[in-house]
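Step one of this worksheet: look at the structure below.
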Amino acid sequence: MPLSEMPLSEMPQSGMPELPETETIARDLDAEVRGAVVSQVEVQRADVLREATAAEFIASVTHATITRVWRRAKLVVIDLLTRGGVAQEGARNERVQHLVVQPRFTGGLLIAGEPLAATDAAYVCMSCTLADGRHLHYKDVRRLGTVALMTAERFEAYQSALGPEPLDARLTDPMFSGLIRASKQPVKVALMDQKRLAGVGNIYANEALWHAGIDPSREARSLSDTEATTLLLKLREVLTASIAARGTSFRDYRDARGERGRFVEQLVAYGRAGLACVRCERRLVGTHAIDGRGTVFCATCQR
DNA sequence: AGGGGAACCCGTACGC
DNA sequence: TGCGTACGGGTTCCCC
């Protein structure tokens, strides 16, 4: 099977795409479609669109060039060079726009060289036909995911309201300590606050707190500088390892080399309530009391 | 201001 | 067996 016929990303089996999964999707997509030209756009399910009507969306994206696909937070960002409205006196009037894809739970981007199987086709919300005949589809079973079309200015305003990237070297230990300790929320909630720090969701918050030996329910402002520094270090290790493993547990997921997201094998907390802590062998505690979400931690070695 | 709660959506699990 | 209903999940928006 040619690479172009393989799905690049599928739905997560549990949890949603967080930073490592979104990074994997964006890297794969960038390698496949950077430089491609969109020849036709179809909107099958307009309710996933944001910030533009279907007509505006089609008018802007048709004939656009995909210049880059990358990740910010849990978003796949598709940079477009579009024909911007009416050209003046024959002058070039190209402008940068962004397709901002938020897969949430069941959203996914697929590249396909052939018509989709009926089971996939039923859930396609938006399709771009590329000039070489391939299709870039956004598929979403539950349709809580979104596809927004933003001008460069709008995107800048939107993304600048998000917190820093945890893997960005410009985020220093003192900066992280300051932003996490400014919150009186439980530290797990503060870690997942996208305005404070971008890209961390339930899976990696649970994992990082276990590795750092910090009780998820503690007030974030109660952390010492040293604990905050340890937390950032462990968070970075977990995210980096997961990206290397191409993310956590995608159902039916296969990358271009036919491999699955393998980080599920390295999970020590998430999904392991009631099982033995791999550090102290006591039973891990599962609770929904902190933020209404599933939290798993070791009451013995997380303090 | 910042925090709480509803809305968004539908497959899955569960009750009768 | 079949139908109905509750639930989950992150983000946004509204309200207090």
Side-chain angles (χ1 to χ4, degrees), chain A residues 9-23 25 43-54 71-77 98-109 117-126 138-150 154-155 157-163 165-166 179-208 216-217 219-221 239 247-252 264 267 269-271 273 286-296:
Chain A
S9 60
E10 287 281 353
M11 297 174 286
Q13 186 166 44
S14 60
M16 64 167 258
E18 300 183 28
L19 189 156
E21 295 74 30
T22 312
E23 179 73 26
I25 292 166
V43 176
Q44 295 90 344
R45 302 273 192 172
D47 61 359
V48 303
L49 301 181
R50 294 293 184 278
E51 313 209 8
T53 64
R71 178 195 62 78
R72 169 79 166 114
K74 303 173 194 173
L75 310 165
V76 179
V77 183
H98 305 275
L99 277 188
V100 181
V101 179
Q102 199 162 250
R104 301 266 174 97
F105 314 107
T106 55
L109 290 157
T119 48
D120 282 334
Y123 299 111
V124 168
C125 304
M126 187 276 298
Y138 177 71
K139 169 193 161 188
D140 195 340
V141 173
R142 295 193 191 170
R143 300 207 306 279
L144 277 176
T146 58
V147 180
L149 176 66
M150 299 189 192
R154 167 64 186 136
F155 177 71
Y158 177 80
Q159 74 88 26
S160 66
L162 297 170
E165 288 290 327
L179 68 84
I180 205 76
R181 294 171 65 200
S183 173
K184 61 180 184 180
Q185 302 254 67
V187 60
K188 183 193 172 215
V189 174
L191 260 188
M192 294 192 296
D193 179 351
Q194 302 298 299
K195 294 183 196 64
R196 201 174 290 284
L197 185 71
V200 180
N202 205 29
I203 295 175
Y204 298 101
N206 277 300
E207 294 299 298
S217 68
E219 274 193 12
R221 65 180 175 182
L239 294 174
T248 298
S249 67
F250 287 96
R251 180 196 304 161
D252 299 329
V264 63
L267 294 177
Y270 183 84
T287 179
H288 285 79
I290 295 174
D291 54 2
R293 314 279 318 286
T295 299
V296 181

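The basis for the numbers below is simple: all heavy atoms, side chains too, and nothing from hydrogens, waters or symmetry mates. Per chain, numbering begins at 1; letters A, B, ... match sequence-line order.
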**Study point:** Whole-Å gap separating P (B/dC9) and CD (A/Gln102)
**Key:** 15 Å
Review point. OP1, OP2 of B/dC10 versus side-chain N and O of A/Arg143: anything below 4.0 Å?
Key: yes
**Study point:** Whole-Å distance separating the CG atom of A/Asp291 from the P atom of B/dG5
**Key:** 13 Å
Check your understanding: Can you check whether A/Tyr123 has a side-chain N or O nearer than 4.0 Å to OP1 or OP2 of B/dC10?
Key -> no
Check your understanding: When you measure from the side chain of A/Asn206 to the backbone N and O of A/Val296, does any donor-acceptor pair fall under 3.5 Å?
Key -> yes
Point to revise | Identified side-chain contact (heavy atoms from CB on, under 4.5 Å) partner of A/Arg72 from the options A/Thr22, A/Val100, A/Val77, A/Leu19 | key: A/Val77
Review point. At how many degrees, to 10°, do the end axes of the helix from B/dG2-C/dC16 to B/dC16-C/dG2 meet when each uses five pairs?
Key: 50°
Mind listing the N/O atom pairs, protein and nucleotides 14-16 of chain C, below 3.5 Å?
none

Review point. Out of A/Lys188, A/Glu18, A/Glu207, which one pairs with A/Asn202 under the side chain to side chain donor-acceptor pair (under 3.5 Å) rule?
Key: A/Lys188
Check your understanding: Considering only C/dT11, B/dG11, B/dG3, which nucleotide approaches the side chain of A/Gln185 most closely?
Key -> B/dG3
Check your understanding: What is the distance, rounded to the nearest whole Å, between atom OH of A/Tyr138 and atom P of B/dC9?
Key -> 13 Å
Check your understanding: Could you go step by step and tell me if A/Tyr204 and A/Thr248 meet the side-chain contact (heavy atoms from CB on, under 4.5 Å) rule?
Key -> CA-CA 10 Å; A/Tyr204 298 101; A/Thr248 298; 2.7 Å; yes
Review point. A/Gln102 side chain to A/Gly145 main-chain N or O, any donor-acceptor pair under 3.5 Å?
Key: no
**Study point:** Between C/dT12 (C1') and A/Met150 (CE): distance, integer Å
**Key:** 12 Å
Review point. Can you name the nearest heavy-atom pair linking A/Val200 to A/Leu191, along with the distance?
Key: CB-O, 3.6 Å
Check your understanding: Considering only heavy atoms from C-beta outward, does the side chain of A/Val101 approach that of A/Tyr138 to under 4.5 Å?
Key -> yes
Exercise for review: Starting from C1' on C/dG9, measure out to CD on A/Glu18 and report it in whole angstrom.
Suggested key: 11 Å
Check your understanding: Where each residue is assigned the nucleotide of DNA chain B containing its nearest heavy atom, which of A/Asp47 and A/Ser183 is assigned the position nearer the 5′ end?
Key -> A/Ser183
Exercise for review: Starting from P on C/dG8, measure out to CG on A/Asn202 and report it in whole angstrom.
Suggested key: 13 Å
Exercise for review: Report yes if a side-chain nitrogen or oxygen of A/Lys74 is closer than 4.0 Å to either non-bridging phosphate oxygen (OP1 or OP2) of C/dT11; otherwise report no.
Suggested key: yes
Review point. Whole-Å distance between C/dT11 C1' and A/Asp140 CG?
Key: 14 Å
Practice item. Measure from the side-chain heavy atoms of A/Val141 and tell me the nearest of B/dG11, B/dG3, C/dT11. Key: B/dG11
Point to revise | Rounded distance in Å - CD (A/Gln159) to C1' (C/dT12) | key: 18 Å
Check your understanding: When we call it a touch if two heavy atoms are under 4.0 Å apart, what does A/Arg142 touch: a base, just sugar-phosphate, or nothing?
Key -> base
Study note, to complete from the structure: Between A/Glu165 and A/Ala198, the two heavy atoms sitting closest are OE2-CB, 4.1 Å
Exercise for review: Examine C/dT12: is either OP1 or OP2 under 4.0 Å from a nitrogen or oxygen in the side chain of A/Tyr158? Give yes or no.
Suggested key: yes
Check your understanding: With nearest nucleotides of DNA chain C determined for A/His288 and A/Leu162 from heavy-atom distances, which residue corresponds to the more 5′ nucleotide?
Key -> A/His288
Review point. If we only count heavy atoms from C-beta on, is the A/Val147 to A/Cys125 side-chain gap below 4.5 Å?
Key: no
Practice item. Check whether any side-chain heavy atom of A/Asp193 sits under 4.5 Å from a side-chain heavy atom of A/Ser183, and report yes or no. Key: no
